[in-house]
Amino acid sequence: QKEVEQDPGPLSVPEGAIVSLNCTYSNSAFQYFMWYRQYSRKGPELLMYTYSSGNKEDGRFTAQVDKSSKYISLFIRDSQPSDSATYLCAMSYNAGNMLTFGGGTRLMVKP
Amino acid sequence: DVKVTQSSRYLVKRTGEKVFLECVQDMDHENMFWYRQDPGLGLRLIYFSYDVKMKEKGDIPEGYSVSREKKERFSLILESASTNQTSMYLCASSPAGEGNTEAFFGQGTRLTVV
């Protein structure tokens, strides 16, 4: 069993839809949780970062962490075609910055 | 603007060749990483380095070695390339420090071993 599980998709939604992306993990020692966005033929770039449990909002993006369920989510409101990318969840134990990644979910937002 | 630069976007090498992948960062970061990315498997850590001349094995170090002689440069070496090392290779760097976990990635090198 992988440490971090993520549905690979692809997930196809119409423009304007609310998108929900999720990851589950097995190791309760993870403290830092991140979402990276990766466009085709590019390296991943950090989208959202959360420490421990709770919610964090940044514009159209909301990240949620539920440590009791070992479950994290990324919500995208009013999705745009420019949001079409692969979304990778990542997590780490400490400030040592060793990240463990999920497999990524490919999102397609259709105009 | 922060930058992590990988020397090649695409490489084609023959089985058994020694392959060098180079990565340079201009942000004075202490930490540098090499990942490989394969469909459905996400990013898997090969090696990382916390400081010059320091290296630690990641999850899949077999068949790879690394070199960090200068703070800004981290090289990945495939001692004898094999077809199962065909993959996308991503270099990343991040600053040291409590709570600061943003890793900045390069554009990736797509390596094909034939």
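Just so it is clear: chains get the letters A, B, ... in the order the sequence lines come, proteins before strands, and each one is counted from 1. Below, each value reflects all heavy atoms present in this structure, side chains not excepted, and no hydrogens, waters or symmetry copies.
Interface residue B/Gln37: only side-chain heavy atoms are found under 4.5 Å from chain A. Looking at A/Gln6, there are no atoms closer than 4.5 Å to chain B (heavy atoms on both sides), in backbone or side chain. Using a 4.5 Å cut-off between heavy atoms, A/Pro8 makes no contact with chain B at all. Both the backbone and the side chain of B/Leu43 have a heavy atom closer than 4.5 Å to some heavy atom of chain A. Only the side chain of B/Arg9 has a heavy atom closer than 4.5 Å to any heavy atom of chain A.
Using a cut-off of 4.0 Å between Lys/Arg side-chain N and Asp/Glu carboxylate O, A/Asp83 and A/Arg60 are scored as salt-bridged. Between A/Glu57 and A/Arg77 there is a salt bridge, since a side-chain N of the basic residue sits under 4.0 Å from a carboxylate O of the acidic one.
Among residues 69-78 of chain B, no residue has any heavy atom closer than 4.5 Å to a heavy atom of chain A. Below 4.5 Å, heavy atoms of chain A meet heavy atoms from B/Leu90, all part of residues 82-91 of chain B. When the heavy atoms of residues 102-111 of chain A are compared with those of chain B, the residues falling under 4.5 Å are A/Gly102, A/Gly103, listed by number.
Ranked by heavy-atom pairs shorter than 4.5 Å toward chain B, the options A/Lys42, A/Glu45, A/Gln31 are led by A/Lys42.
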Show your working on side-chain contact (heavy atoms from CB on, under 4.5 Å) between A/Gln64 and A/Phe75 and close with a plain yes or no.
CA-CA 8 Å; A/Gln64 286 186 352; A/Phe75 298 96; 3.5 Å; yes
Can you check side-chain contact (heavy atoms from CB on, under 4.5 Å) on B/Val4 and B/Cys23, steps first, answer last?
CA-CA 7 Å; B/Val4 178; B/Cys23 175; 3.5 Å; yes
Under the side-chain contact (heavy atoms from CB on, under 4.5 Å) criterion, do A/Trp35 and A/Cys23 qualify, and how do the steps go?
CA-CA 10 Å; A/Trp35 286 94; A/Cys23 287; 3.8 Å; yes
Can you check side-chain hydrogen bond (donor to acceptor under 3.5 Å, both in side chains) on A/Asp78 and A/Gln80, steps first, answer last?
CA-CA 6 Å; A/Asp78 187 26; A/Gln80 303 295 310; 3.3 Å; yes
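Side chains of A/Thr24 and A/Glu5: a donor-acceptor N/O pair is absent below 3.5 angstrom, by distance only.
Crowding of B/Arg110 atom CZ: a count of heavy atoms from other residues, nucleotides or ligands under 6.0 Å not exceeding 12.
Under the 4.5 Å side-chain heavy-atom criterion for ILVMFWY residues, no single connected hydrophobic cluster contains both B/Leu41 and A/Met91.
Applying the ring pair (Phe, Tyr, Trp, His ring centres under 6.0 Å) criterion to B/Tyr47, with sequence neighbours excluded, gives no partner residue.
Across all their heavy atoms, A/Ala63 and A/Met48 have their closest contact at N-CE, 3.7 Å. Taking all atoms of both residues into account, the shortest heavy-atom contact from A/Lys70 to A/Ser26 is CE-O, 3.5 Å.
When each of B/Glu79, B/Lys57, B/Arg36 is checked for a side chain to side chain donor-acceptor pair (under 3.5 Å) with B/Tyr64, only B/Arg36 meets the rule. With A/Ser73 as reference, A/Asn22 is the one residue of A/Asn55, A/Asn22, A/Asp66 to meet the side chain to side chain donor-acceptor pair (under 3.5 Å) rule.
Taking the ring centroids of A/Tyr36 and B/Phe105, they lie under the 6.0 Å cut-off.
By the 30° and 60° cut-offs, the orientation of the rings of A/Phe30 relative to A/Tyr25 is perpendicular.
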